[in-house]
Amino acid sequence: MVAPALPGDQPSLAFSTYAAGSLLIGGWIDTRLGLAKTPTEYRLRQDPDSGKTVLFARAARAASGMMHPVKVRLVKNHQITWRWKISGLIDTADNTSRQHEDSPVRIVLTFAGDRSDLGFRDQLFFEQAKLLTGHEVPYATLMYIWENRQPVGTVIQNPHTGRVRMIVAESGPRRVGEWLEYTRDIRADYLKAFGEEPGQLEAVGVLTDSDNTGATTEAYYGNIRLIADGR
């Protein structure tokens, strides 16, 4: 099961609490991005360096995520921390391009909000996305990604809709093959990406995708944590 939250913590999303080779359950939901898309393969494995269980992802012309509902009302300095490692970049990936929007690793945050305030283009996107995926699309989605060329800190709008924004957390090949750890202020990043206050944080997840480039990519995710008030 998922480890309980610590004092001052919001729910812990710790893969290390599972046994390697077991099923990823405890609230995690396999989330398809399209009924016609090949799903990404996710498996729990033992990290040979630390001995801890981590989540392995392999996408071969594939795209799907693993999401965990959290239902968190953000407070000041509400942080997310995570670890990831990639085996290599997707050479032709470019998240500014509709045809090449892929990434070996993504941390995905979804948010609630009032859809009635959105314009026609976004309303149409939500309707079309529901038909393609079979489920409701969140009001807003913020992703942290590993980009090939765009500098760290760059905000990239999804080519299909303004309700999905990406922040470049890592860029280029220099640290490929290393375990890397990040801490981000969720509210500050949402304000930077969307220019508005965030609603309730609905879910946290991971996404490894290569459907647009047709590549094969592999990556690893370590524990994810949500920490209230910077504690």
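Keep in mind the model is a prediction, meaning the values are calculated, not measured.
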Any donor and acceptor pair, going by atom type alone, linking the side chain of [X] with main-chain N or O of [Y] inside 3.5 Å?
X      : Y      : value
His68  : Gly26  : yes
Arg73  : Gln200 : no
Arg163 : Tyr139 : yes
Ser210 : Ala215 : yes
Thr31  : Ile29  : yes
Ser103 : Trp146 : yes

Quiz item: Roughly how far apart are Leu55 CG and Met66 CE, rounded to 0.5 Å?
Solution: 7.0 Å

Self-check item: Val155 to Lys192 - nearest heavy-atom pair and separation
Solution: CG2-CE, 3.8 Å

Quiz item: Among all residues two or more places apart in sequence or in another chain, which pass the salt bridge (Lys or Arg N to Asp or Glu O under 4.0 Å) test with Glu202?
Solution: Lys71

Can you list, pair by pair, the side-chain donor-acceptor contacts under 3.5 Å of residues 81-90, counting residues two or more places apart and other chains?
unit_1 : atom_1 : unit_2 : atom_2 : d
Trp84  : NE1    : Tyr182 : OH     : 3.0

Quiz item: For the ring pair Trp28 and Tyr18, is the centre-to-centre distance below 6.0 Å?
Solution: no

Quiz item: Which pairs with one or both residues in residues 86-110 pass ring-ring contact (aromatic ring centres under 6.0 Å, His included), sequence neighbours excluded?
Solution: none

Please list, chain by chain and in numerical order, all residues satisfying side chain to side chain donor-acceptor pair (under 3.5 Å) with [X], sequence neighbours excluded.
X      : answer
Thr92  : none
Asn95  : Arg106, Glu147
Ser16  : Asn223
Arg184 : Asp189

Quiz item: Please, which pairs that meet salt bridge (Lys or Arg N to Asp or Glu O under 4.0 Å) have at least one residue in residues 88-100, sequence neighbours excluded?
Solution: none

Quiz item: Which residue pairs pass the salt bridge (Lys or Arg N to Asp or Glu O under 4.0 Å) test when at least one of the two sits in residues 44-65, sequence neighbours left out?
Solution: Arg58-Glu218

Quiz item: Using a distance-only test with no angle check, is there a side-chain donor-acceptor pair under 3.5 angstrom linking Tyr42 and Thr208?
Solution: no

Quiz prompt | Exercise: do Asn212 and Gln99 side chains pair donor with acceptor under 3.5 Å | solution = no

Exercise. Applying side-chain contact (heavy atoms from CB on, under 4.5 Å), name anything that partners Ala62, two or more places apart in sequence or on another chain.
Key: Thr38, Thr40, Ala59

Quiz item: So, do Met67 and Val108 sit near enough that their side-chain heavy atoms are less than 4.5 Å apart?
Solution: yes

Quiz item: Residues two or more places apart in sequence or in another chain: which of them pass ring-ring contact (aromatic ring centres under 6.0 Å, His included) with Tyr220?
Solution: Phe56

Self-check item: Contacts of Tyr190 that satisfy ring-ring contact (aromatic ring centres under 6.0 Å, His included) - sequence neighbours left out
Solution: Phe111, Phe194

Quiz item: Is there a side chain to side chain donor-acceptor pair (under 3.5 Å) between Thr213 and Asp102 once you walk through the steps?
Solution: CA-CA 7 Å; Thr213 58; Asp102 284 330; 2.8 Å; yes

